[in-house]
Amino acid sequence: MKKKIYLGALLAVAVLGGCGSSASTTDSSMDADQDAAADRTAITIQHIAFDPPILKVSSGTTVTWTNRDSDVTHTITSGKPGDKGIPGVNEGRPDKRDGVFDGSVETDGSTFDFTFDETGTYPYFCKVHPVMTGTIVVE
């Protein structure tokens with residue numbers, strides 16, 4: 001009887017020990033996934049929006065925008081969009097493009113890349129859909 005209890009206790013320790021190490025591995029994997037997400041250098045354009053809308057990167061990083069909107073053309077234009085105004089009330093304001101970058105992604109799957117070599121904050125928008133705005137923060 002003592003042998004069965006001893007063997008059962010050993011088996012329980014082995015199983016519980018295995019579970020403990022498995023949990024550690026899972027925690028490490030989750031940490032790695034979170035670190036990878038924090039280092040994202042890709043922006044998806046989908047549903048008439050930039051995702052993520054704000055991206056922080058290190059100097060020297062190349063950011064890639066990918067169009068995932070079927071049959072919709074977008075631009076990635078540095079600066080700030082204007083507004084169209086209200087007819088009969090005000091004339092609106094023109095776009096304030098700053099000339100740092102200006103790309104177009106015309107089809108689903110097309111990409112635009114830009115390398116950010118200088119620190120700073122870079123707002124951008126889509127000339128076709130001015131409600132689409134984003135910001136790259138380079139540290």
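Position 1 is the first residue of the sequence, and the numbers go up from there.
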Undergrad: Donor-acceptor check, side chain of Asp69 to backbone of Ile48, threshold 3.5 angstrom: yes or no?
TA: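 Yes, Asp69 side chain to Ile48 backbone: donor-acceptor pair under 3.5 Å.
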
Undergrad: Roughly how far, to the nearest 0.5 Å, is CZ of Phe114 from OG1 of Thr64?
TA: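 Thr64 OG1 to Phe114 CZ: 12.0 Å, rounded to 0.5 Å.
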
Undergrad: My understanding is that only residues two or more places apart in sequence, or in another chain, count here; which of them pass ring pair (Phe, Tyr, Trp, His ring centres under 6.0 Å) with Tyr122?
TA: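 Phe116.
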
Undergrad: So which pairs with a foot in residues 67-95 pass ring pair (Phe, Tyr, Trp, His ring centres under 6.0 Å), sequence neighbours left out?
TA: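 For residues 67-95, and leaving out neighbouring residues, the ring pair (Phe, Tyr, Trp, His ring centres under 6.0 Å) pairs sorted by first residue read His74-His129.
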
Undergrad: Quick check: closest heavy atoms across Arg68 and Asp108, and the distance to 0.1 Å?
TA: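 Minimum heavy-atom separation between Arg68 and Asp108: CA-OD1, 3.3 Å.
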
Undergrad: Strictly by ring pair (Phe, Tyr, Trp, His ring centres under 6.0 Å), give each pair with a member in residues 80-100 just once, sequence neighbours left out.
TA: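 Pairs touching residues 80-100 that pass the test: none.
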
Undergrad: Strictly distance-based, threshold 3.5 Å: is any side-chain N or O of Asn67 a donor or acceptor partner for the main-chain N or O of Val72?
TA: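 Looks like yes, one N/O pair under 3.5 Å.
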
Undergrad: Return the set of residues passing ring pair (Phe, Tyr, Trp, His ring centres under 6.0 Å) with Phe125 (not counting sequence neighbours), or none when no residue passes.
TA: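 Phe125 satisfies ring pair (Phe, Tyr, Trp, His ring centres under 6.0 Å) with no other residue.
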
Undergrad: Answer yes or no: is there a side-chain heavy-atom contact under 4.5 Å between Pro52 and Ile43?
TA: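 In contact.
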
Undergrad: Angle class for the Tyr124/Phe50 ring planes (parallel below 30°, perpendicular above 60°, tilted otherwise)?
TA: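 Aromatic pair Tyr124/Phe50 classed perpendicular.
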
Undergrad: How would you list, by chain and number, every residue that makes a side chain to side chain contact (heavy atoms under 4.5 Å, CB included) with Thr107, sequence neighbours excluded?
TA: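 Only Ser110 meet the side chain to side chain contact (heavy atoms under 4.5 Å, CB included) criterion with Thr107.
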
Undergrad: Taking side chain as C-beta onward, heavy atoms only, is Val137 less than 4.5 Å from Leu55?
TA: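 Side-chain contact under 4.5 Å: no.
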
Undergrad: Using only atom types and a distance under 3.5 Å, with no angle test, would you say the side chain of Thr66 pairs donor to acceptor with the backbone of Thr44?
TA: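 Checked: no pair found.
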
Undergrad: First locate atom CD of Glu139, then atom OG of Ser59, and finally report the distance between them rounded to the nearest 0.5 Å.
TA: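 That separation rounds to 10.5 Å.
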
Undergrad: Show every donor-acceptor pair shorter than 3.5 Å between a side-chain atom in residues 98-105 and any protein atom, with sequence neighbours excluded, or say none if there are none.
TA:
unit_1: Asp98; atom_1: OD1; unit_2: Ser78; atom_2: OG; d: 2.3
unit_1: Asp98; atom_1: OD1; unit_2: Val100; atom_2: N; d: 3.1
unit_1: Asp102; atom_1: OD1; unit_2: Thr77; atom_2: OG1; d: 2.7
unit_1: Asp102; atom_1: OD2; unit_2: Lys127; atom_2: NZ; d: 3.0

Undergrad: Side-chain contact test, heavy atoms from C-beta onward, threshold under 4.5 Å: evaluate it for Thr61 versus Val138 and give yes or no.
TA: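 No, side chains not in contact.
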
Undergrad: Under a 4.5 Å cut-off applied to non-hydrogen side-chain atoms, are Ile136 and Thr121 in contact?
TA: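 Ile136 vs Thr121: side chains apart.
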
